[in-house]
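For clarity, every value in this text was computed on a predicted model and none was experimentally measured. Side-chain atoms are counted along with the backbone in the values below, which use heavy atoms only and exclude waters and symmetry mates.
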Amino acid sequence: MVVSRQTSTVSNYSKLVKASLIGSTVAGVLFGIYMQVMGMMPVLASMLGSESIMLGWVMHMMISWIFGLGYGAMTLLSSRYYMLGVLHGVIIWFIGPLLVMPVMMGMGPMIGEMFASAQLMSLLTHLAFSLILAAVFSRLMHKKA
């Protein structure tokens, strides 16, 4: 039946969005704690003209959820969640700290610095974020309703 197939599709998308948001919340909080310890939250807030740690956290979690939904969308193309996690980590590293963040801070893109030690550390942390997201996502998607 068409109605039952549509209901099943909506249910699958709902489960995917929920798993994406929960996974990105877990990964975002863990990554956020690391960022807080490293003094990065005021840097995030500075993109909005502030030095507020709270505003840095709000911005960080909003970015985490957007990136999490992007990861969820990627899983529509493949069910190899951990491989997608690696690809996702590289993509968000490129988009975030190499392009958008430095441009918003008036520094211009940091592509030429991508192999500097600070940027490689940033790559590792973004890979960790995405692999944590992938692990939580995978567990939630394979959980029986």
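Residues Glu113 and Pro102 form no side-chain contact, since every pair of their non-hydrogen atoms from C-beta on lies 4.5 Å or further apart. With a 4.5 Å cut-off on side-chain heavy atoms, Val86 and Leu131 count as touching. Within the 4.5 Å cutoff, no side-chain heavy atoms of Leu123 are placed close to those of Phe94. Contact of the Tyr13 side chain with the Leu76 side chain is registered, since non-hydrogen atoms from C-beta on lie closer than 4.5 Å. Considering only heavy atoms from C-beta on, Val103 comes within 4.5 Å of Pro109 through its side chain. For the pair Met35/Leu44, a side-chain contact is recorded, criterion being any heavy-atom separation below 4.5 Å from C-beta on.
More than 12 non-hydrogen atoms from other residues, nucleotides or ligands lie less than 6.0 angstrom from CE of Met59. The environment of Met107 atom CE is dense: over 12 non-hydrogen atoms of other residues, nucleotides or ligands sit within 6.0 angstrom.
Ring pair Phe31/Tyr34 is parallel by interplanar angle, where below 30° counts as parallel and above 60° as perpendicular.
When every heavy atom of Gly72 is checked against every heavy atom of Ser20, the shortest pair comes out as CA-OG, 3.2 Å. For Gly23 against Leu133, the heavy-atom pair with the smallest separation is C-CD1, 3.4 Å. Scanning all heavy atoms of the two residues, the minimum distance from Ala134 to Tyr82 falls at CB-CD2, 4.1 Å. The two atoms that bring Tyr71 and Gly85 nearest to each other are CE1-N, 3.7 Å, heavy atoms only. The two residues Phe129 and Gly28 have their closest heavy-atom pair at CE1-N, 3.5 Å. Annotation for Ser50 and Leu55: closest pair CB-CD2, 3.6 Å, computed over non-hydrogen atoms.
Looking only at distances, no side-chain donor or acceptor of Ser78 sits under 3.5 Å from a matching main-chain atom of Thr75. Of the possible polar contacts, none joining the Ser122 side chain to the Ala118 backbone as a donor-acceptor pair under 3.5 Å is found. Put simply, the side chain of Trp93 gets close to the backbone of Gln119: a donor and an acceptor are under 3.5 Å apart. No donor-acceptor distance shorter than 3.5 angstrom exists from the side chain of Tyr81 to the backbone of Arg139, with no hydrogens or angles considered. Of the possible donor and acceptor atoms, one in the side chain of Ser64 sits under 3.5 Å from a partner among the backbone N and O of His60.
The distance from the OG atom of Ser46 to the CE atom of Met101 is 6.5 Å, given to the nearest 0.5 Å. Distance check, rounded to the nearest 0.5 Å: NZ of Lys15 to CE of Met141 gives 5.5 Å. Between the CD1 atom in Ile66 and the CD1 atom in Ile95 there is a gap of 11.0 Å [rounded to 0.5 Å]. Separation of atoms OG (Ser24) and CD1 (Ile63) is listed at 12.0 Å; rounding is to 0.5 Å. The CD1 atom of Ile92 lies 11.5 Å from the CG atom of Leu98; values are rounded to the nearest 0.5 Å.
Hydrophobic clustering (ILVMFWY, side-chain heavy atoms < 4.5 Å, transitive): Ile132 and Met61 are in distinct clusters. Clustering ILVMFWY residues whenever any of their side-chain heavy atoms sit less than 4.5 angstrom apart, transitively, puts Trp65 in a cluster other than the one holding Leu140. Hydrophobic clustering (side-chain heavy atoms under 4.5 Å, transitive across Ile, Leu, Val, Met, Phe, Trp, Tyr) keeps Leu30 apart from Met38. One hydrophobic cluster, built from ILVMFWY side chains closer than 4.5 Å, holds both Leu99 and Met114. Under a hydrophobic clustering in which Ile, Leu, Val, Met, Phe, Trp and Tyr are joined whenever their side-chain heavy atoms come within less than 4.5 Å, directly or via other members, Val43 and Phe67 fall into the same cluster.
For an aromatic pair to be called close, the ring centres must be under 6.0 Å apart, and His88 with Phe137 fails this.
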